[in-house]
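Notes follow once the structure below has been shown.
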2 protein chains.
Amino acid sequence: MRPANIRVPALPPQPGTDHSDCRAVASVLARVGDKWSVFVIMMLIDGPRRFNELKRTIAGISQRMLTLTLRGLERDGLVTRTVFPTIPPRVDYELTDLGRGLAEPVRALGQWAFEHLPEIEGARRDFDVRNAD
Amino acid sequence: MRPANIRVPALPPQPGTDHSDCRAVASVLARVGDKWSVFVIMMLIDGPRRFNELKRTIAGISQRMLTLTLRGLERDGLVTRTVFPTIPPRVDYELTDLGRGLAEPVRALGQWAFEHLPEIEGARRDFDVRNAD
DNA sequence: CTGTATCCGACGTGATACTG
DNA sequence: CAGTATCACGTCGGATACAG
C-alpha cells in the first residue's frame, strides 16, 4: 500500500496529517463497514454461537453471506471457528481477544450512531427536501 | 438527479428486535465503511478544504467518487458545502459539529486498527497459508 | 474550478440446488 | 446441521467527455 521508496517520517499520532496509516484504517474499516460483519460481531459479544443460531438471530442474512462474513472475520483473526466432529456437525464461532478488542471501539461508534441518529435522519430529510425543488 | 450511491434505506427484514439499534449502527457504519468517507473526514479534521484540494490530497480517488462521497456526507449532516460565487468558482467543505463528533470514535477505531495491524496481517497470512494446503 | 452525464467492466448479493 | 457451487442481477466505481 504505502510506496516502498518513500520513508514515512515518525509523525506524532496526528490523524489527518499522516496518510500512511489511513490505508490501514481503511483496511479495517472495510471489514467493519461490511454489511454484516458488525452484526455478527455484536451477536458474538455475549459468547460463542453456532452457525444457524447466528443465521436465525440476524434474520435477513443469506447463508452465503453469513459464511463469507464469518470467513472474513476468521481470516482477520477476529473470530475462531471450532468444529465438533459429531453427527450432525456442530460449529461454534467465538470472538478472539483481538475481536473483543475491536468490538469495543465498534460499540463506541455504534453508540454514537444511536445517539445521533435523529440528527442524521433529520439532516437527510432536509437534504432530500432541498434537493427536490 | 440523485446519485444512487447515497441511498441507505430499505434494509430488508429487521434483524433481531432485541438489537434493533444495530440497524442504526449499520446505517452509520455503512457510511463510515465507505471506501472514501473516512479519508475525507480525516482530511477535514484540520479545517475546511476545497474540492480539488481534497482530490489532490487523497490522490487515488476519482472526481466522481469524491463528489459522491461529499454528497453523502453532506446529506447526513456531517459536512457543510459552502459555495463562493466567484470566477472561477470556489467551494469549501467543512466538518459540522456532528461530523467532528463522528470523527472522534472513528479516530479511536482507526487507532485500534493501526495498533493491531500487525496481528491482523499476521492472521491473514496464517489463514491464507492454512487455506493453501 | 467544480462539478454532471454516460458508458462499461468488476464485484457484491441473493436464490436455489446440491453435498458430507 | 453446516456448508459449497452455480447462476442471475443490481450496484459500485473508474474513465472519459462535457457543462456552468
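Quantities reported herein were computed from a predicted structural model and do not represent experimental measurements. A, B, ... follow the sequence lines: proteins, then strands. Residue 1 opens every chain.
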Kindly say if R71(B) contacts the phosphate of dT4(C), meaning a side-chain N or O under 4.0 Å from OP1 or OP2. yes
Quick one: which of dG13(D), dC1(C), dT4(C) gets closest to the side chain of P88(B)? dC1(C)
Any side-chain N or O of K35(A) less than 4.0 Å from the OP1 or OP2 oxygen of dG14(C)? yes
Could you give the CD1-to-P distance, from I61(A) to dA15(C), as a whole number of Å? 12 Å
Rounded to whole Å, the CD-P distance (Q63(B) to dC7(C)) equals 19 Å
Between dG12(C) atom P and M65(A) atom CE, what is the distance in whole Å? 9 Å
For the CG atom of L73(B) and the CG atom of D34(B), what is their distance to the nearest 0.5 Å? 8.0 Å
Between dC1(D) (P) and R64(A) (CZ): distance, integer Å: 22 Å
Are OP1 or OP2 of dC12(D) and a side-chain N or O of W36(B) less than 4.0 angstrom apart? no
So, using side chain to side chain contact (heavy atoms under 4.5 Å, CB included) as the criterion, who are the partners of L70(A) when residues are at least two apart? V40(A), F51(A), L54(A), L66(A), Y93(A)
Tell me: CD of E74(A) to P of dA2(D), nearest whole Å? 15 Å
F51(A) side-chain proximity, nearest of dG3(C), dC1(C), dA2(D): dA2(D)
Separation of L66(B) atom CG from dA15(D) atom C1', in whole Å? 16 Å
Interatomic distance where OH belongs to Y93(A) and P belongs to dC1(D) [whole Å]: 14 Å
Closer than 4.0 Å, any side-chain N/O of R50(B) to the OP1 or OP2 of dT2(C)? yes
R56(A): salt bridge (Lys or Arg N to Asp or Glu O under 4.0 Å) partners, not counting sequence neighbours: none
The side chain of P89(A) is closest to which nucleotide in this list: dG20(D), dA2(D), dG3(D)? dA2(D)
Starting the side chain at C-beta, find the nucleotide from dG3(D), dC1(C), dT2(C) nearest to V91(B). dT2(C)
Between CD of E53(B) and P of dG3(C) the distance, given in whole Å, is 13 Å
So, are R125(A) and D128(A) salt-bridged, with charged N and O less than 4.0 Å apart? no
Sequence neighbours excluded, the answer for salt bridge (Lys or Arg N to Asp or Glu O under 4.0 Å) partners of D126(A) is none
Tell me every residue that passes salt bridge (Lys or Arg N to Asp or Glu O under 4.0 Å) with R124(B), counting only those two or more places apart in sequence or in another chain. D76(A)
DNA chain C contacts made by residues 78-87 of chain A, counting heavy atoms under 4.0 Å: none
Only counting residues at least two apart or in another chain, list the ones meeting salt bridge (Lys or Arg N to Asp or Glu O under 4.0 Å) with R90(A). D92(A)
